[in-house]
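This report refers to the structure that appears directly beneath it.
Protein chains get the first letters and strands the later ones, always in sequence-line order, with residue 1 at the start of each.
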Amino acid sequence: MKAEEIKAKISKILSDSKIYYGNFSVFPSSKKEFGDFSTNILLKIRHTEKSISSEKLISLIQNDRWMKENFERIEEKNGFLNFFLKNTLIYSVINEILSKGQDYGKSAAGNGKKVLIEFVSANPTGPLTIAHGRQAAFGEALSRILGFCGWQVTKEYYINDCGRQMDLLGISLKSRYLRLRGISAEIPEDGYHGEYLNEIAKKLPDGYEARDTRFFEEFAKQEIMARIKNDLKELGVIFESWFSENELRKSGKVEETIRMLENKGLIYQKDNAIWFRSTLYGDDKDRVIRKKDMTYTYLAPDIAYHQNKIERGYDLLVNLWGPDHAGYVARIKAAVNALGFSPEKLQIIIVQLTTLYRGKEKISMSTRKGQFITLKQLMDEVGPDAAKFFFLFRKADSHLDFDIEIARKKTEENPIYYIQYAYVRAKHILQFAKEKGIKETDIMRADFSLLRESVEIEILKKLKRFPSIVQKAAMNLEVSTIAPYILDLSKTFHSYYQKFRVVNEDLQISCARTAMVKCLLVVIGAALELLGISKPEKM
RNA sequence: GCGCUUGUAGCUCAACAGGAUAGAGCGUUAGCCUCCGGAGCUAAAGGUUGUGGGUUCGACUCCCACCAAGCGCGCCA
């Protein structure tokens, strides 16, 4: 049952009775006492149609056959019309979950469309930061959700392996290498001073003193990429595709793309530089793509990269960017638009930064002072599950406060354990039921209408919402609704457990309740799977 | 200076396209272990939704102004 169905039905009842109606909405009720669905039709129709009284309209709806079939009662309160679903309709969710198992909630909403999600894409100049961690967790979860909803997802990491930053990396590593051998060498002030470069330098044997910085750059890149891949793996994030900027440049794609724009008359020369007329596509000023010194700005290869993505035939491109790139959204969208790709098909999600705390104390990050907590260090301290859970609990575009102390705790303060505990508890009950002789077939054939306690109905209703929660997450490209949902479901379950025995003297009731617990296990498990959080066997 | 984002309970956050008495969790306070795992449960207190106007049956939500915080405004990536 969906709100849209009810709305459609009401619309039909009204038009059948030749009643003129304007806009009204049907929505899930905000409170239990308001039933399952509510509509504001009575408030709305006052302004458009005075010839029918509220009472008459209510009885028209109440007496409709379809309404009578689906609802226990329909009543007016505070000007709203509230719909109370029949319990019998709710029991069907158990059959559905038991038969579909881990596939419950899957949909074909994405229709097999191809989507490319590009994220993390950190320069290979140093270890991954907390900010990258949040992007990684978000990108991975979003990929899983889209995949679950019928999209064909590719995860890609764009390696910015050219330019000034890479030059500095080579120079910095060479200096480290020479210093280890007692040769004095300066690390440029804007170079890389982290201890990790010293470790990498130690891996190189004697005899490379005369090699150029290019050699050191390449070596550092390989080493750092290996570390990055390791960190991502530990977080449970696997990319299908690694795309190198360096190779893009070598392929001549950048020149080719600029020619494409040129052919459309979107390129011009000014002050000895080459400009892209991005203002034609909504940017607030035109952008330089080739500087006076004839090297490209970052924008040129970026446009070429997106042209490449487009050519690979995706229906949707998703980029996860840090807030420092928020200002570039307009220009890259302009470019994509100019290249003939609909800009709505490029979704850029800004993943906000994370501030770390230890209790009350804010951990200030300073690269220069060497006060820096990497993603790896965070995972070592709180574990990948807790890290991911906290990263995914908030909307991507809202700033995240991450308290390491809470994430470490194994108490009720820490929601990740609360959820995992619910999962383990469900598992344990099923095990217990099995020991008491309740078989799979008993569960399947149980009489679910014995689940009459109001908490039981509440649990079933919540289980029923899961598919729409997931679909909504996919449609909005937002994963943050999943974690609060399982948290809430877990809470209801814990509360239920405390009050009622699942396996008791009454075999019939025991079977029905065991079936419900199995459904809880399936849904909590599926949700954890979508978030990429592990499902513990025991704790 | 211009632009974007944000401002909701002591803290961290919800509130679906403008709907009902603004909800959770943590923290605080008071309770609950012969019983499927207490990493759990029950209850209480806690609010002028940054401020001031406007739009209307109705505003956390939309509009205007102001205040505060963060980010962005390079021929840097």
Listed pairs, N/O of protein and of nucleotides 4-13 of chain B, under 3.5 Å:
unit_1, atom_1, unit_2, atom_2, d
B:U12, O2', A:Arg394, NH2, 3.2
B:C13, OP1, A:His399, O, 3.1
B:C13, O2', A:Arg394, NH1, 2.4

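- Syn is the conformation of B:C33, whose glycosidic angle sits no further than 90° from 0.
- Applying the 4.0 Å criterion to OP1 and OP2 of B:G38, one finds that A:Tyr497 has a side-chain N or O inside that range.
- Counting only heavy atoms from C-beta outward, the side chains of A:Pro124 and A:Met166 approach each other to under 4.5 Å.
- A:Ala273 comes within 4.0 angstrom of a base, heavy atoms only.
- For B:G74, the OP1/OP2 oxygens have no side-chain nitrogen or oxygen of A:Arg287 closer than 4.0 Å.
- Lacking a ring centre under 5.5 Å from that of the base six-membered ring together with a plane angle below 30°, A:Tyr418 does not count as stacked on B:A39.
- Proximity of A:Lys291 to the phosphate of B:C76: a side-chain N or O atom is located under 4.0 Å from OP1 or OP2.
- Nucleotides B:A65 and B:C4 place their P atoms 11 Å apart, quoted to the nearest Å.
- Residue side chain A:Ser38 reaches the base of B:A20 through a donor-acceptor N/O pair under 3.5 Å, judged by distance alone.
- Across B:C33 and B:G38, the matching C1' atoms stand 7 Å from one another, rounded to whole Å.
- Contact of A:Asn40 with B:A17 (side chain to base): no donor-acceptor pair of N or O atoms is detected under 3.5 Å.
- Rounded to a whole angstrom, the distance from the P atom of B:G7 to that of B:C16 is 13 Å.
- Side-chain contact between A:Leu14 and A:Ile41 is present, with at least one heavy-atom pair separated by less than 4.5 Å.
- When heavy atoms are screened at a 4.0 angstrom cut-off, A:Tyr296 is found touching the sugar-phosphate backbone but no base atom.
- The existence of a salt bridge linking A:Lys499 and A:Glu453 is excluded, since no basic side-chain nitrogen approaches an acidic carboxylate oxygen closer than 4.0 Å.
- Heavy atoms of A:Arg164 sit nowhere under 4.0 angstrom from any nucleic acid atom.
- Among the atoms of the strands shown, only primed sugar atoms or phosphate atoms (P, OP1, OP2) are found under 4.0 Å from some heavy atom of A:Asn123.
- For B:C64 and B:G3, the P atoms lie 11 Å apart once the distance is rounded to whole Å.
- Across all strands, A:Lys434 comes closer than 4.0 Å to no nucleic acid atom at all (heavy-atom distances).
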Between the protein and nucleotides 42-50 of chain B, are there any N/O to N/O pairs under 3.5 Å, and if so, what are the atom names and distances?
unit_1, atom_1, unit_2, atom_2, d
B:U42, OP1, A:Ser495, OG, 2.8

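- Of the C1' atoms belonging to B:G50 and B:C60, the separation is 12 Å, rounded to the nearest Å.
- Of the side-chain N and O atoms in A:Lys285, one or more sit less than 4.0 angstrom from OP1 or OP2 of B:G74.
- You cannot call A:Tyr421 stacked on the base of B:G40; the centres under 5.5 Å and planes under 30° rule is not satisfied.
- At a threshold of 4.0 angstrom between heavy atoms, the contacts of A:Asn82 include nucleobase atoms, whether or not backbone atoms are also involved.
- Salt bridge absent: A:Glu456 and A:Arg452 never bring a charged side-chain N and a carboxylate O closer than 4.0 Å.
- Classification of A:Glu458 and A:Lys32 as a salt-bridged pair holds, one side-chain N sitting under 4.0 Å from a carboxylate O.
- Residue contacts shown for A:Pro484 are absent, as no nucleic acid heavy atom lies under 4.0 Å away.
- Using atom C1' as the reference point in both B:U51 and B:C67, the two lie 7 Å apart (nearest Å).
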For RNA chain B, what string of dots and brackets results from 5' to 3' when Watson-Crick and G-U pairs need both distances under 3.5 Å, crossing pairs get [ ], and pairs with another strand get |? (((((((..((((.....[...)))).(((((.......))))).....(((((..]....))))))))))))....
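- A donor atom on one side chain and an acceptor atom on the other are found under 3.5 Å apart for A:Tyr268 and A:Asp286.
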